[in-house]
There are 2 protein chains.
Amino acid sequence: MSRTTVIGAREAQKLKTRQAMLDAALGLLEEQSLSSLGLREVTRAVGVTPTAFYRHFRDIEDLGVALVDQALGNLHTLVRATLVEHDDAEDRIDHTVALIERHVRAHPAHLRFLVRERHGGVRAVRLAIAAQLDRFVREVAAVLALDEESGGWSEPELEMLAGLLVDQMVLAVSAFLSAMLDEGPTTAEVAAATRLRLRLIHLGREASGRRAP
Amino acid sequence: MSRTTVIGAREAQKLKTRQAMLDAALGLLEEQSLSSLGLREVTRAVGVTPTAFYRHFRDIEDLGVALVDQALGNLHTLVRATLVEHDDAEDRIDHTVALIERHVRAHPAHLRFLVRERHGGVRAVRLAIAAQLDRFVREVAAVLALDEESGGWSEPELEMLAGLLVDQMVLAVSAFLSAMLDEGPTTAEVAAATRLRLRLIHLGREASGRRAP
DNA sequence: GGATTCAGTAAACAACTGTTTCCTCGAACG
DNA sequence: CGTTCGAGGAAACAGTTGTTTACTGAATCC
């Protein structure tokens, strides 16, 4: 399933420094946004010459786009699995919120980058994130379509619901990150509030199906 | 109701340059984020010396915080008025979405700044925006409390609902802004999708009140 | 095993940044 | 009316930035 190319020690080293730059950039981006990140900052943090940067990226914007894919990488499949695994509404909500909290704790920098640059100042990165989230929305919609309660729901309606849910997840990620910095409510409060919101949305879904689909 | 201080020609000029700096900054921020905005950029755009900047702000962060209040200024009261004016759910949704679209067209730069810096790289600005939005949430909750359907709703539950709605408004603002730049869906599609979302949330509210409040 | 490719280096470029110190000159005050 | 005050200007400061050009030396290819 995974396309692996046999790899020489030559380009192994290249990939290693490339990844080092991405990691260093992610670290530096915890306290600033992409549009103020300097290419010299990145290379300095890695320990290479500024010129080496150009062997891997055209400019910082290019690096940002590369960063998007890594950041959204696993969350897709994790959420999908959680949704498929549980079909009771309350279970789904609890497990999804717990999953998000765990994921934020495990990869704070990646997710901070996503949340920050989703509406950030670099157009190409904004578009890359939007494209990834769109894929995510369609995946979630596909899972929702399997539920019994999706009886008379059209595809656009399901995508609307999925979009609503994905936005709630992103907002939850942002709130968890704030909680970890002691800005705003605590982690427990964020989890509780998110569950409440998701429950309300679920009720809306049920009610919507029951009257005019 | 408005506290107006009698004003000399002296500080009238000072306020004028201060406002010119805020406006110039807002313009420059359409294509970058606050953390990359230079104080020299701002003064150059206004046509004053870099040193003049310090007569008005300690640094760019300070200017950013000042910008927050201007940006959120009117939307509060407009939304409040719209909610109070209509109590039919469908009317509320239609008028609120229309109001948001109009407001985005009228003040794109202010709103872009808000959406961008809400999760942006400058902590003080993030906190200022969060504080303003929190006030907004409490205002909306207060209006919702007047509805009949808010029978057995506790205050935290009402604030949860209000928070959900305010987040939807912010997301709608962001989507309208993207539409104006021909990123993503068209303006009409954004309006339609937002109305769908708000309807679903309203159904959830009704259903939630009907069973366990 | 010799030729070639290419990741990373070294040094220099002009342009820009935030901040300081001192100065100017018109309005405001007593 | 003379004095004080304060918004804005001039010039210089040491650092920083992105990008170019020419190079080295080790892994790869034939």
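The shown structure was predicted, so the numbers you read here are calculated from the model rather than taken from an experiment. Just so it is clear: chains get the letters A, B, ... in the order the sequence lines come, proteins before strands, and each one is counted from 1.
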### Message
Nearest heavy atom decides the nucleotide; on that basis, is A:Tyr54 or B:Val48 closer to the 5' end of DNA chain D?
### Response
B:Val48
### Query
With a 4.0 Å cut-off on heavy atoms, is A:Phe53 in touch with a base, just the backbone sugar-phosphate, or nothing at all?
nothing
### Task
Please check if the side chain of A:Ser150 supplies one atom and the backbone of A:Leu146 the other of a donor-acceptor pair under 3.5 Å.
no
Rounding to an integer number of Å, can you tell me how far [X] [atom1] sits from [N] [atom2]?
X: B:Lys16; N: C:dA27; atom1: NZ; atom2: C1'; value: 16 Å
X: A:Arg55; N: D:dT19; atom1: CZ; atom2: P; value: 15 Å
X: A:Gln32; N: D:dT17; atom1: CD; atom2: C1'; value: 13 Å
X: B:Arg58; N: C:dT19; atom1: CZ; atom2: C1'; value: 15 Å
X: A:Glu11; N: D:dA26; atom1: CD; atom2: C1'; value: 15 Å
X: B:Lys14; N: C:dA28; atom1: NZ; atom2: P; value: 14 Å
X: B:Asp59; N: C:dT20; atom1: CG; atom2: C1'; value: 16 Å

Considering only side-chain heavy atoms of [X], which listed nucleotide, [options], is closest?
X: B:Arg10; options: D:dG9, C:dG26, D:dG25; answer: C:dG26
X: A:Thr51; options: D:dA10, D:dA7, D:dT20; answer: D:dT20
X: B:Arg40; options: C:dT19, D:dG18, C:dT9; answer: C:dT19
X: B:Thr49; options: D:dG25, D:dG9, D:dA7; answer: D:dG9
X: A:Leu39; options: C:dG8, D:dG18, D:dT28; answer: D:dG18
X: A:Arg44; options: D:dT17, C:dG18, D:dG25; answer: D:dT17

### Message
Quick test of your reading of the model: are A:Arg118 and A:Asp167 salt-bridged, counting only N-O distances below 4.0 Å?
### Response
yes
Name the atoms and distances for all side-chain donor-acceptor pairs under 3.5 Å in residues 120-134 of chain B, with sequence neighbours left out.
from	atom 1	to	atom 2	distance (Å)
B:Arg123	NH1	A:Glu183	OE2	3.4
B:Arg126	NH1	B:Gly120	O	3.0
B:Arg126	NH2	A:Glu183	OE2	2.6
B:Gln132	NE2	B:Asp69	OD1	2.8
B:Asp134	OD2	B:Arg138	NH1	3.4

Assess whether atom [atom1] of [X] is packed by more than 12 heavy atoms of other residues, nucleotides or ligands within 6.0 Å.
X: B:Gln19; atom1: CD; value: yes
X: B:Arg80; atom1: CZ; value: no
X: B:Glu90; atom1: CD; value: yes

### Query
Within the structure, does a side-chain N or O atom of A:Gln13 lie under 4.0 Å from either OP1 or OP2 of C:dG8?
yes
#### Entry: For DNA chain C, the dot-bracket pattern of Watson-Crick and G-U pairs whose distances stay under 3.5 Å, | for other-strand partners
||||||||||||.||||.||||||||||||
### Task
Say whether B:Ser154 and B:Glu157, considering side chains only, have a donor N or O and an acceptor N or O under 3.5 Å apart.
yes
